[in-house]
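Remarks on the structure that follows.
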Amino acid sequence: MKWLKKMGLRRAFFLVSVLCMAAALLLTFGIYQVCAKIYDRYPHYGVVITSDGVVTDLGKPTPEQQRIIELVNQIQLLAILIVPVCGLGLAGILFYYLKLKEPIAILSESTKRIRMHDLDFSIPEVSADELGQICAAFETMRAELLRTNQELWRQAEERRRLNAAFAHDLRNPITVLKGTVKMLRQEQGEEQALERLETYTLRIEQYVEAMSSIQRLEQMPVRRKMVRLSVLSQELQETARLLAPAAAVTVMVQEGEDVPLDHGLFLTVAENLIGNAARFAQCQFEIALESVFEKGERMLLLTVQDDGAGYPAALVKDGPKPFGKKHEEPAHFGMGLYSCKLLCEKHGGALRLENRTDGGAVAKASFCVNS
């Protein structure tokens, strides 16, 4: 019946109806002929006059023969009335089973699964007729819904990552601000403390403005300006002192000229790496900042290493992942190293994680500072 599946619904219905009606008419004719032969076997009322004038009496049928004759007449009448109607009914049944049943079942099941938000299936191509085209349109709609849902899920995940990074990266500037406020209360270095308050308040304002206008962390803009390495050295020392007041911290900065750098982006990366070192270091950690050349590019390399337990092997091998946490701590979202990686890449650099042979972790963040 493959040839029937290729036909349109109207042509298929017409063909099935014609074939069934033809079969019904042939069956009716056959029944009529059989009944006529049976009818002729029994005597009838009346006479037969031949051409030579001979008159023959047909005789009178017996009551039993009369009942058979009446039954044959009824069968002939019923065959003429019922068999064509049954032929039309058979045509409808055959048309349903051959052309309608399978696509209707597929469409019904597909509608049920789509209503239940289950799009992980495919709708087969059942025929080339109108219902087959509807099935193909349903498959296109299902695929488009799946693609749209996947895009919405991806955007929701990106927004979740962005919010987590936003909350994570605001924590370190707020910690610095708290330390500065504490110094002000103790009346220590008021001028320096006020300058730090102004700097970090401006950073937070710029960060909030940037985060409110983007949909993904990768869209964070890079705004370079000339920054002195001596200024970066002071900020690294102050950040380490405020984020790790109990640890022994060594800061080594190579003196040099100004570099074109996104100051806020650099401090965000530095604060994340220093904050991680402060959390996992046993006694001390080191911070180094130097200008190097890699593959013909001038890079600003920030190295933070501690004497803790080191990074997990999977983290060193595969790199930071979103919401990857070494320990389940509700105060941390597992976005620090991942956001550092993205921000370094935005600045033309990279983030490399290593473990020291004598124990401890090493994080190297590079930033492209070509003039």
Side-chain angles (χ1 to χ4, degrees), residues 154-155 157-173 203 206-207 210-211 214-224 232 236 239-240 243 259 261-281 285-292 294-295 297-306 308-327 329 331-356 360-370:
R154 187 191 64 79
Q155 291 179 0
E157 181 65 18
E158 290 292 345
R159 174 57 63 181
R160 180 168 173 255
R161 293 180 183 180
L162 188 66
N163 291 340
F166 180 61
H168 184 282
D169 291 340
L170 279 182
R171 183 180 294 108
N172 291 327
R203 272 192 60 204
Q206 293 174 343
Y207 190 71
M211 296 297 282
I214 64 176
Q215 297 296 321
R216 301 172 58 191
L217 191 60
E218 292 87 341
Q219 296 174 345
M220 175 74 73
V222 177
R223 299 185 178 94
R224 289 180 170 87
L232 297 180
L236 290 175
T239 299
L243 294 180
V259 292
L261 183 72
D262 188 315
H263 197 184
L265 186 148
F266 172 82
L267 289 179
T268 298
V269 174
E271 288 164 357
N272 276 322
L273 297 182
I274 293 171
N276 274 351
R279 286 169 55 207
F280 296 109
F285 61 89
E286 299 176 0
I287 303 171
L289 184 65
E290 58 182 332
S291 178
V292 299
E294 295 180 359
K295 299 180 181 180
E297 302 282 349
R298 187 186 179 196
M299 311 293 290
L300 186 65
L301 181 62
L302 171 66
T303 304
V304 180
Q305 53 184 337
D306 60 64
Y311 294 117
L315 180 61
V316 175
K317 179 181 178 182
D318 301 329
K321 303 295 182 183
F323 306 106
K325 296 189 284 187
K326 185 176 180 181
H327 305 291
E329 301 176 63
H332 298 277
F333 298 94
M335 285 294 295
L337 291 176
Y338 179 71
S339 62
C340 287
K341 172 180 176 291
L342 293 182
L343 295 178
C344 287
E345 292 172 352
K346 287 291 294 183
H347 213 294
L351 176 67
R352 297 187 294 273
L353 304 178
E354 304 170 1
N355 285 326
R356 301 195 304 183
V362 180
K364 296 182 178 180
S366 59
F367 307 85
C368 182
V369 289
N370 286 330

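Because the structure is a prediction, the values reported are computed rather than measured. Note that the numbering runs from 1 along the sequence shown for the chain.
Contact of the H347 side chain with the L261 side chain is registered, since non-hydrogen atoms from C-beta on lie closer than 4.5 Å. At least one side-chain heavy atom of L315 sits less than 4.5 Å from a side-chain heavy atom of L353. Side-chain contact between R298 and C368: absent, with no pair of heavy atoms (C-beta onward) separated by less than 4.5 Å. Within the 4.5 Å cutoff, side-chain heavy atoms of P320 are placed close to those of L351. Within the 4.5 Å cutoff, side-chain heavy atoms of L232 are placed close to those of L300. You'll find the side chain of L273 stays beyond 4.5 Å of the side chain of T303, heavy atoms only. Within the 4.5 Å cutoff, no side-chain heavy atoms of V362 are placed close to those of D306.
Looking only at distances, a side-chain donor or acceptor of N355 sits under 3.5 Å from a matching main-chain atom of Y311. Put simply, the side chain of D262 gets close to the backbone of R223: a donor and an acceptor are under 3.5 Å apart.
When all heavy atoms of S366 and R352 are compared, the closest pair comes out as OG-NH1, 4.3 Å. Summarising the geometry of L243 relative to G275, their closest heavy-atom pair is CD1-N, 4.1 Å, with the distance given to 0.1 Å.
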Inset, instruction - Take L343 and T268, measure what side chain to side chain contact (heavy atoms under 4.5 Å, CB included) needs, and give me the verdict at the end. - result: CA-CA 9 Å; L343 295 178; T268 298; 3.8 Å; yes

Inset, instruction - Give the C-alpha distance, both sets of side-chain angles, the deciding distance and a yes or no for side chain to side chain contact (heavy atoms under 4.5 Å, CB included) between N272 and S339. - result: CA-CA 9 Å; N272 276 322; S339 62; 3.7 Å; yes

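The distance from atom CG of L302 to atom CG of L289, rounded to the nearest 0.5 Å, is 6.0 Å. To the nearest 0.5 Å, atom CD of residue E271 and atom CG of residue N276 are 12.0 Å apart.
Salt bridge annotation for E290-K364: absent, with no cationic side-chain nitrogen under 4.0 angstrom from a carboxylate oxygen.
Listed by chain and residue number, F367 satisfy the ring pair (Phe, Tyr, Trp, His ring centres under 6.0 Å) test with F266 (two or more places apart in sequence, or in another chain).
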